[in-house]
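Scroll down for the structure; my scribbles are underneath it.
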Amino acid sequence: MTDDVEIPEVNHVSGSGVPIRGNDIDTDQIIPARFMKVVTFDGLGEFAFFDLRFDDDDNRKDHPFNEARYQDSSVLVVNSNFGCGSSREHAPQALLRWGIDAIIGESFAEIFAGNCLALGIPTVTADSETIADLQDWVDANPDGELEIDIEAEEVTYGDETIAVTVDDAQRKALVEGVWDTTALMKSNAAAVRETARELPYVDDAAIPDAE
Amino acid sequence: MSAETLYDKVWDRHKVTTLPTGQDQLFVGLHLIHEVTSPQAFGMLRERDLEVAFPDLTHATVDHIVPTADQSRPYEEDAAEEMMAELEDNVRDAGIDFSDPTTGDQGIVHVIGPEQGLTQPGKTIVCGDSHTSTHGAFGALAFGIGTSQIRDVLATGTVAMEKQKVRKIQVDGELGEGVEAKDIILEIIRRLGTEGGVGYVYEYAGEAIESLGMEGRMSICNMSIEGGARAGYVNPDETTYEWLKRTDYFQENPERFEELKPYWESIRSDADAEYDDVVHIDANELEPVVTWGTTPGQGIGISDPIPEPESLPAEKQDTARRAQEHMRVEPGDTMEGYDIDVAFLGSCTNARLPDLRRAARIVEGREVADDVRAMVVPGSQRVQEAAEEEGLKDTFEEAGFEWRNAGCSMCLGMNEDQLEGDEACASSSNRNFVGRQGSKDGRTVLMSPRMVAAAAITGEVSDVRDLKEVNLA
Ligand code: SF4
């Protein structure tokens with residue numbers, strides 16, 4: 001069996017920002033369900049926030065993802081409960097493929113944050129005032145560099161360095177490069193079988209022999 | 001050790017180890033898969049040259065994209081056909097059971113698991129679908145996962161998770177006439193907010209919960225996720241066991257019932273279990289709840305006024321203003337009398353047999369209002385068949401409802417069942433997000449199945465208690 005996927009450590013993420021304002025931006029807004037009729041995630045990037053970016057006749061609406069000045073941005077700055085709704089990994093996949101490497105926000109829906117982590121995308125949080133300031137700064141400095149230090153839980157932009165919060169497990173996973181858990185968990189296969197055998201509802205026949 | 005919740009006990013029994021990240025590696029007792037979120041995960045397995053570790057503990061269905069009218073193959077829509085074909089290949093190669101439409105067992109993943117007895121107390125259940133929380137109604141620990149986690153589960157039979165806090169939601173008292181499980185959960189989400197459950201698992205308890213049948217408990221656990229909780233559960237009891245006895249698994253393996261019952265009893269929350277939080281709801285006070293906005297937390301009793309945005313917490317005001325504009329509602333009005341164009345009776349929240357029966361009692365002998373497009377989409381082929389046998393199909397069709405085949409349908413508009421333009425829909429589903437039902441200008445009003453039936457008949461959001469129920473034989 002081979003499993004030689006390189007899992008990079010995600011310690012620092014830097015890039016210019018793009019503000020997406022509003023609370024409760026749900027996964028249906030991030031990627032409408034009709035774009036999920038696909039068997040791979042490739043090409044989802046162009047459909048990120050689609051219904052917020054285009055009207056019925058496919059005319060462009062006002063949206064940061066449509067603005068020329070944000071086309072190279074890689075750090076999304078959002079408000080509260082971002083990514084609520086469904087468990088579709090299509091949502092962070094669409095953002096990733098659009099070019100987003102990290103998200104700073106007031107708060108995130110749990111499954112969404114977990115899905116981001118599985119792709120190595122940090123979701124770091126700060127209070128609403130800090131976020132509003134950051135969004136304003138990004139507006140005024142679309143080419144300005146934001147630097148996220150995951151381990152130190154800091155974001156630096158302009159002359160400011162602000163404290164942010166990174167969930168403990170997320171921080172460890174990113175910094176130590178263990179956010180892709182497949183190989184790690186696979187290596188515990190014997191203990192997994194043991195746990196399964198102890199469970200009264202698991203038929204022994206359903207537990208495969210050791211490889 | 002005593003004084004533990006069901007959550008603690010089931011977690012501990014399934015914990016393999018603690019990972020370097022601090023997360024626990026949990027064994028997964030049942031992995032349900034469907035066509036939308038699994039193909040990419042199978043693709044990742046192939047890239048890494050990995051195989052499905054526990055095919056016998058995995059079960060597939062097709063629900064999101066399946067057409068609910070003409071189901072002959074190939075499906076009319078190429079994308080739907082491609083997804084279905086991909087799923088067929090994946091399950092065949094891995095040796096995974098598949099409740100496809102030719103089996104008569106197909107349906108929404110959260111309807112078929114409980115029907116077949118796959119869903120059992122004390123199991124860990126995952127699926128690439130947020131409404132996996134539904135299965136918690138049986139005292140299982142059930143949560144939705146993303147596609148990378150599906151890859152983990154396929155490859156290892158385990159998932160990495162952080163343990164959460166437990167909030168007990170104690171619903172005492174008795175539900176009044178015309179009020180049901182859906183109203184309880186809409187009320188919980190209205191009160192605690194769509195983020196209120198973040199970091200928590202919800203344990204639903206109290207006499208109003210215990211007196212519900214399994215379907216009602218499923219409707220409640222289903223929408224835990226709308227309240228921000230990753231999972232929700234009800235402790236297993238005689239109602240649970242009665243359901244289990246009648247399922248395929250225990251019909252085929254009757255000896256397993258007695259063998260497993262001690263385990264089910266042992267994982268119930270202890271009487272003196274400690275909770276991180278407790279919330280009390282009085283069922284006597286509830287009336288039918290409907291939503292006025294574009295998040296499931298924007299709900300009100302049918303006779304309550306729509307709130308002034310200024311009266312809400314600061315961080316909710318903007319969302320409320322935008323929602324009221326989208327829905328075209330005015331603060332101070334009630335939702336009663338809100339014109340609807342479509343009535344959708346379906347989804348994993350409310351498309352089980354008792355849901356359809358209750359709605360049929362409202363519909364019987366009446367007619368769908370002019371200009372209202374009304375449809376029933378049973379949650380599974382079995383629900384559909386049983387409903388047809390007892391004449392519910394006739395009742396609905398005679399009233400002017402369309403009777404469709406099982407699937408997710410207009411709950412999320414991934415097949416041909418979609419809202420058009422700015423149509424307003426009375427819906428028994430779980431999400432009223434902008435664009436959710438297939439049109440970005442569409443307007444969704446969430447409510448119980450009986451309330452959907454009432455809206456279909458009157459052409460507007462109505463108080464079902466004003467419509468006399470007809471007793472069906
Ligand atoms: S019925 Fe709706 S909520 Fe349920 S699984 Fe299907 S799409 Fe999801």
Side-chain angles (χ1 to χ4, degrees), chain A residues 1-3 5 22-24 26 28-29 32-34 36-41 51 56 80-81 84-90 92-93 107 109-111 114-115 118-119 128 168-169 172-173 176 178-182 184-186 188-189 191-192 195-196 198-203 205-208, chain B residues 13-14 16-17 19-23 25 27 29 36-37 39-40 43 48-50 53-54 56-57 65 79-80 82-83 86 120 122-123 128-130 144-149 151-152 155-158 160 162 194-195 198 230 259-260 263 295 315 318-319 412-414 431 433-436 440:
Chain A
M1 196 199 68
T2 59
D3 192 0
V5 185
N23 298 330
D24 303 305
D26 57 71
D28 282 80
Q29 293 179 55
R34 63 183 185 282
M36 289 163 51
K37 284 186 227 171
V38 288
V39 294
T40 93
F41 291 127
D51 289 346
D56 285 337
S80 75
N81 201 25
C84 61
S86 89
S87 62
R88 60 183 73 155
E89 191 169 302
H90 304 67
Q93 288 277 4
S107 63
E110 244 162 69
I111 301 185
N115 283 339
L119 304 178
S128 64
D168 284 348
K172 277 195 106 149
E176 291 171 20
V178 289
W179 47 269
D180 181 321
T181 34
T182 306
L184 186 63
M185 298 205 296
K186 185 95 193 153
N188 296 329
V192 172
T195 306
E198 294 289 319
L199 286 163
Y201 69 82
V202 181
D203 289 331
I207 305 171
Chain B
R13 295 289 296 248
H14 291 78
V16 176
T17 185
L19 297 169
T21 56
Q23 294 172 303
Q25 179 175 1
F27 179 71
V36 179
T37 53
Q40 301 84 356
R48 299 181 186 199
D49 201 12
L50 293 167
F54 293 89
D56 294 351
L57 303 181
I65 53 93
E82 190 192 350
M83 295 176 86
E86 179 91 9
Q120 296 170 14
K123 275 195 183 184
D129 193 285
S130 54
I145 56 175
T147 293
S148 295
Q149 287 174 303
R151 172 196 68 209
D152 283 355
T156 71
T158 62
E162 273 166 90
T194 48
E195 290 167 79
V198 172
R230 186 77 180 265
E259 280 169 27
L260 287 174
Y263 172 62
T295 84
E315 74 281 5
D318 253 6
T319 316
L412 89 166
M414 266 187 92
R431 286 188 178 146
F433 299 146
V434 172
R436 172 71 178 183
K440 58 189 165 187

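Reminder, nothing fancy here: chain letters follow the sequence lines and each chain counts from 1.
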Who are the side-chain hydrogen bond (donor to acceptor under 3.5 Å, both in side chains) partners of B:Glu259, not counting sequence neighbours?
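Once residues adjacent in sequence are excluded, the partners of B:Glu259 under the side-chain hydrogen bond (donor to acceptor under 3.5 Å, both in side chains) criterion are B:Arg256.
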When only pairs under 4.5 Å are counted, which of [options] shares the most heavy-atom pairs with chain A?
{"options": "B:Pro20, B:Gly22, B:Gly435, B:Gly43", "answer": "B:Pro20"}
{"options": "B:Asp129, B:Thr295, B:Ile65", "answer": "B:Asp129"}
{"options": "B:Gln120, B:Glu82, B:Arg436", "answer": "B:Arg436"}
{"options": "B:Thr37, B:Leu19, B:Thr17, B:Leu57", "answer": "B:Leu19"}
{"options": "B:Ile145, B:Thr156, B:Asp56", "answer": "B:Thr156"}

Which bit of [X] is near chain B, if near means a heavy-atom gap under 4.5 Å: side chain, backbone, both or neither?
{"X": "A:Ser107", "value": "side chain"}
{"X": "A:Ala191", "value": "both"}
{"X": "A:Ile207", "value": "both"}
{"X": "A:Pro32", "value": "neither"}
{"X": "A:Asn115", "value": "side chain"}

Please look at B:Arg431 and chain A and tell me whether the side chain, the backbone, both or neither of the residue comes under 4.5 angstrom of a heavy atom of that chain.
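Only the side chain of B:Arg431 comes within 4.5 Å of chain A.
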Answer with side chain, backbone, both or neither: which region of B:Thr147 has an atom nearer than 4.5 Å to a non-hydrogen atom of chain A?
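Both backbone and side chain.
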Using the ring of each side chain (for Trp, its six-membered ring), is A:His90 parallel, tilted or perpendicular to A:Phe41, with breaks at 30° and 60°?
perpendicular
Does a side chain donor of either B:Gln149 or B:Asp152 reach within less than 3.5 Å of an acceptor in the other side chain?
no
Under a 3.5 Å threshold, yes or no: a donor from one side chain and an acceptor from the other, between A:Asn81 and A:Asn23?
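The answer is no; no qualifying pair exists.
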Looking at residues at least two apart in the chain, or sitting in another chain, which of them share a ring pair (Phe, Tyr, Trp, His ring centres under 6.0 Å) with B:Phe433?
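Expected list: none.
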